[in-house]
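Atoms within each ligand, like the ligands themselves, are counted from 1 in listed order. Because only heavy atoms are used, hydrogens play no part in the values below, and waters and symmetry mates are left out as well, while side chains stay in.
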Amino acid sequence: MIGLIVAYTKNRVIGNKGQIPWRIKGEQRRFKELTTGNVVIMGRRSYDEIGRPLPNRFTIVVSKTAHYEAENCVTVPSLTEAIEYAQKNRPGENIYLSGGAGIYKEGLPLADKLFITEIDMEIEGDTLFPEFDKSKYTRVVDEEVDGEIPYKYVTYIKKAPQKPRKKPNTEEY
Ligand SMILES: NC(=O)c1ccc[n+]([C@@H]2O[C@H](COP(=O)([O-])OP(=O)(O)OC[C@H]3O[C@@H](n4cnc5c(N)ncnc54)[C@H](OP(=O)(O)O)[C@@H]3O)[C@@H](O)[C@H]2O)c1
């Protein structure tokens with residue numbers, strides 16, 4: 001399974017000045033639950049923000065300029081190579097495209113499911129999640145969390161492509 005995992009606000013902000021511009025205690029719980037034991041693929045700037053591989057999962061950094069190697073962490077120059085690396089070297093593990101904007105844009109057509117945390121506020125930011133065609137997905141609200149800043153854990157499941165309609169067999173008429 002290739003999943004995409006993101007938290008964005010009502011105005012689609014995912015980041016500002018290299019950081020996530022909100023702090024909501026507990027909001028990253030689903031990220032941890034889903035990605036633990038699996039593979040996360042992230043762009044170089046997102047990795048720089050965290051500064052080290054996340055524990056208990058395999059991190060693939062996409063960068064043409066930097067080269068991070070550590071236990072459970074490699075760097076490759078493109079998203080395609082990151083996915084190929086994961087499929088070859090981490091068989092049976094789910095792949096989570098974890099940002100930022102370039103990885104999301106290129107990865108959206110490749111992802112079977114989008115795990116989105118919809119943050120119920122607007123905020124200023126310089127990095128946005130790309131627009132996508134929501135009609136191609138079934139939207140399931142998994143959990144709604146109240147609080148000062150409410151949020152929802154939502155899954156968008158890609159619909160199977162429509163088969164072209166067969167011409168009617170006129171002999172049946
Ligand atoms: N809210 C969320 O869920 C979430 C998740 C992740 C990140 N963020 C936020 O998003 C911001 C960072 O995102 P960003 O878009 O600025 O940077 P980014 O995607 O994390 O990193 C950009 C760099 O990654 C490499 N890269 C990214 N996409 C690539 C692609 N398709 N092919 C090849 N290389 C690629 C390039 O590295 P080189 O220049 O080294 O070649 C590029 O300069 C931060 O503010 C972070 O906090 C938010």
Side-chain angles (χ1 to χ4, degrees), residues 1-36 38-55 57-70 73-87 94-132 134 137 139 141-145 147-156:
M1 197 275 301
I2 300 181
L4 179 156
I5 189 156
V6 63
Y8 61 58
T9 60
K10 289 205 275 193
N11 52 336
R12 286 188 298 109
V13 167
I14 63 165
N16 194 36
K17 301 188 175 88
Q19 296 188 333
I20 294 178
W22 58 82
R23 283 283 166 266
I24 306 172
K25 202 165 181 283
E27 175 262 303
Q28 291 181 329
R29 169 171 51 88
R30 184 160 80 154
F31 181 87
K32 187 174 181 184
E33 280 171 10
L34 289 174
T35 60
T36 294
N38 291 298
V39 177
V40 293
I41 296 177
M42 62 179 80
R44 192 235 325 145
R45 273 184 242 142
S46 297
Y47 181 80
D48 284 344
E49 182 191 356
I50 304 166
R52 63 194 149 78
L54 292 163
R57 62 219 104 163
F58 195 90
T59 303
I60 305 180
V61 184
V62 180
S63 173
K64 289 186 171 64
T65 62
H67 200 78
Y68 301 104
E69 288 285 345
C73 177
V74 294
T75 306
V76 298
S78 70
L79 178 59
T80 314
E81 281 158 280
I83 291 171
E84 282 170 6
Y85 183 98
Q87 287 172 336
N94 290 323
I95 297 170
Y96 289 96
L97 310 177
S98 308
I103 297 291
Y104 289 143
K105 191 162 186 225
E106 198 182 333
L108 257 168
L110 310 174
D112 311 304
K113 290 183 182 180
L114 317 179
F115 299 95
I116 299 181
T117 305
E118 296 178 349
I119 312 278
D120 194 12
M121 67 167 174
E122 302 220 347
I123 200 167
E124 208 183 311
D126 57 20
T127 314
L128 301 184
F129 192 77
E131 296 274 13
F132 66 104
K134 294 194 169 114
Y137 300 84
R139 180 177 183 270
V141 178
D142 301 310
E143 194 178 332
E144 298 190 42
V145 182
E148 205 178 318
I149 306 170
Y151 59 90
K152 290 188 186 81
Y153 290 139
V154 177
T155 306
Y156 284 82

Handout entry: Phe129 near ligand 1 by a heavy-atom separation under 4.0 Å
Key = no

Handout entry: ligand 1 to Ser63 polar contact by distance, N or O atoms, under 3.5 Å
Key = yes

Exercise for the section: Examine Val6 against ligand 1 and note whether any of their N/O atoms are separated by less than 3.5 Å. Expected result: no

Handout entry: Options Glu106, Arg45, Glu49, ranked by nearest heavy atom to atom 22 (C) of ligand 1, top entry
Key = Arg45

Fill in the blank from the handout: When distances are taken from atom 35 (C) of ligand 1, the protein heavy atom at minimum range is Val62 CG1, 3.6 Å

Problem - Ile20-ligand 1 polar pair, N/O distance under 3.5 Å - result: yes

Exercise for the section: Compute the minimum heavy-atom distance from Ile5 to ligand 1 and say whether it is under 4.0 Å. Expected result: no

Problem - Straight-line distance of Ile50 CD1 to Met42 CE, nearest 0.5 Å - result: 4.0 Å

Practice task
Report the residue from Phe31, Tyr153, Tyr96, Tyr8 that forms a ring pair (Phe, Tyr, Trp, His ring centres under 6.0 Å) with Phe115.
Solution key: Tyr96

Problem - CD1 on Ile14 to CD1 on Ile123, rounded to 0.5 Å - result: 13.0 Å

Handout entry: Side-chain touch Glu27/Ile149, heavy atoms, less than 4.5 angstrom
Key = no

Practice task
Determine whether any heavy atom of Gly107 lies closer than 4.0 Å to an atom of ligand 1.
Solution key: no

Problem - Residue selection (non-hydrogen contact nearest atom 5 (C) of ligand 1) among Tyr8, Phe31, Tyr104 - result: Tyr104

Handout entry: Contact check: Leu79 vs ligand 1, nitrogen or oxygen atoms, below 3.5 angstrom
Key = no

Exercise for the section: May I ask you to identify, for Thr117, whether its side chain, its backbone, both or neither come under 4.0 Å of ligand 1 on a heavy-atom basis? Expected result: neither

Problem - Side chain proximity check, Cys73 to Val61, heavy atoms < 4.5 angstrom - result: yes

Handout entry: Contact check: Ser78 vs ligand 1, nitrogen or oxygen atoms, below 3.5 angstrom
Key = no

Handout entry: Protein residue, atom and distance nearest to atom 43 (O) of ligand 1, heavy-atom basis
Key = Arg44 NH2, 3.4 Å

Practice task
Kindly assign one of parallel, tilted or perpendicular to the pair Tyr47 and Tyr68, based on the angle between their ring planes and the thresholds 30° and 60°.
Solution key: tilted

Exercise for the section: Report yes if Thr127 has an N/O atom closer than 3.5 Å to an N/O atom of ligand 1; otherwise report no. Expected result: no

Exercise for the section: Would you mind checking which non-hydrogen protein atom is closest to atom 10 (O) of ligand 1, with the distance to 0.1 Å? Expected result: Ile14 CD1, 3.8 Å

